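Down below is the structure, laid out as structure tokens.
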Amino acid sequence: MTQDHVSNDALHRRGLMFILSSPSGAGKTTIARKLLEAEPELGLSVSATTRPIRPGEIDGRDYHFISQAEFDRMVDTNEFYEWAHVFGNSYGTPKGQIRTGLKLGQDFLFDIDWQGTQQLHQKAEADVVRVFILPPSLDELRRRLEGRGTDSQEVIGARMARAQAEISHWDAYDYVVVNDDVETCFEKVRQILAAERMRRKRQTGLIDFVRQLTRD
Ligand code: ADP
Ligand code: 5GP
């Protein structure tokens, strides 16, 4: 590379917080896995929780497993972007690792519901991109929940009942993608990520680059 060319540092960009939400069964986990495989600069945000570790889980990979006292201290010192009590335990998104990563140009994927999305958006609007995944129909949603084979009929019934309420929040998102064919949906979500990475406001090296360009 000659001195006439811009270095990668000069075109440094700020990372983003990429939120994927969907009614349960619409395919959020499937799309999230494919994205993480395909996009090395995308890391999964690791939440903190007070619930006990389950067999097969790894501290620091699946969650940061912490005590209630430590969780309460982090709430008091404003160390979470958002937090909630779910099924008797506390869960939260710690700011530390994400703040550092964003500055270095790392992107983070969030697999959270619409309430968490709202909180995160309030705290970090400029860095947040919100994507909502819809099923092609409620019949297909039920087929997917049944086909996944992880839930009883009772749980599937409860998820279907909740789905209507979750879908009603579709207009709180920046992008809405229907997951009919999984590859097509994945490509669309990937294109959203690619375009959002190129937003002018995230290209923090541009000012210097353009200054240099116009001086030459
Ligand atoms: P969520 O994380 O939104 O609850 P999952 O990703 O677990 O949903 O998907 C639910 C089920 O539907 C899984 O068995 C998955 O393999 C299947 N699935 C996901 N996307 C599609 C699709 N486009 N077409 C058919 N089946 C799909
Ligand atoms: P689990 O204990 O089964 O891993 O998760 C239980 C619930 O907690 C899930 O609905 C999950 O989405 C939610 N959850 C996990 N991490 C967070 C978080 O950081 N913030 C919020 N608000 N909810 C979370």
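None of the values given here were measured: they were computed from a predicted structure. When a ligand or atom number is given, it counts from 1 through the structure's own listing order. All values below come from the heavy atoms of this structure, side chains included, with hydrogens, waters and symmetry mates left out.
Comment: Glu57 engages Arg51 in a salt bridge, judged by a side-chain N to carboxylate O separation of less than 4.0 angstrom. A salt bridge does not link Glu196 to Lys201: none of the charged side-chain nitrogens sits closer than 4.0 Å to a carboxylate oxygen.
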Note down each nitrogen or oxygen pair, ligand 1 side and protein side, whose separation is under 3.5 Å; give only atom names and the distance to 0.1 Å.
from, atom 1, to, atom 2, distance (Å)
ligand 1, 2 (O), Thr29, N, 2.8
ligand 1, 2 (O), Thr29, OG1, 2.4
ligand 1, 3 (O), Ser22, OG, 3.1
ligand 1, 3 (O), Gly25, N, 3.3
ligand 1, 3 (O), Ala26, N, 3.4
ligand 1, 3 (O), Gly27, N, 3.0
ligand 1, 3 (O), Lys28, N, 2.9
ligand 1, 4 (O), Gly25, N, 2.7
ligand 1, 4 (O), Arg148, NH1, 2.9
ligand 1, 6 (O), Thr29, N, 3.4
ligand 1, 6 (O), Thr30, N, 2.9
ligand 1, 6 (O), Thr30, OG1, 2.5
ligand 1, 7 (O), Arg148, NH1, 2.9
ligand 1, 8 (O), Gly27, N, 3.1
ligand 1, 20 (N), Asn179, ND2, 3.1
ligand 1, 23 (N), Arg144, NH2, 3.4
ligand 1, 23 (N), Asn179, OD1, 2.8
ligand 1, 23 (N), Asp180, O, 2.9
ligand 1, 23 (N), Val182, N, 3.3
ligand 1, 24 (N), Arg144, NH2, 3.2

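A side-chain contact (heavy atoms from CB on, under 4.5 Å) with Phe18 is found for exactly one of Val128, Asp127, Leu35, namely Leu35.
Counting non-hydrogen atoms of other residues, nucleotides and ligands closer than 6.0 Å to CD of Gln164 gives a total of 12 or fewer.
Ring orientation note: the planes of Trp83 and Phe71 are nearly perpendicular, at an angle over 60° on the 30°/60° scale.
Arg148 and Thr150 form a side-chain donor-acceptor contact under 3.5 Å, judged by distance and modelled atom types alone.
Closer than 4.0 angstrom to ligand 2 sit non-hydrogen atoms from Ser47, Arg51, Arg54, Tyr63, Glu82, Ala84, Val86, Tyr91, Gly92, Thr93.
Legend: residues meeting ring-ring contact (aromatic ring centres under 6.0 Å, His included) with Phe186, ordered by chain and number and at least two apart, are absent.
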Next on the checklist: Using side-chain contact (heavy atoms from CB on, under 4.5 Å), reason through Lys34 and Glu183 one step at a time and then give a plain yes or no.
Outcome noted: CA-CA 9 Å; Lys34 288 172 78 68; Glu183 285 304 322; 2.7 Å; yes
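Under the ring pair (Phe, Tyr, Trp, His ring centres under 6.0 Å) criterion, the residue pairs touching residues 119-144 are Phe132-Tyr173, with sequence neighbours excluded.
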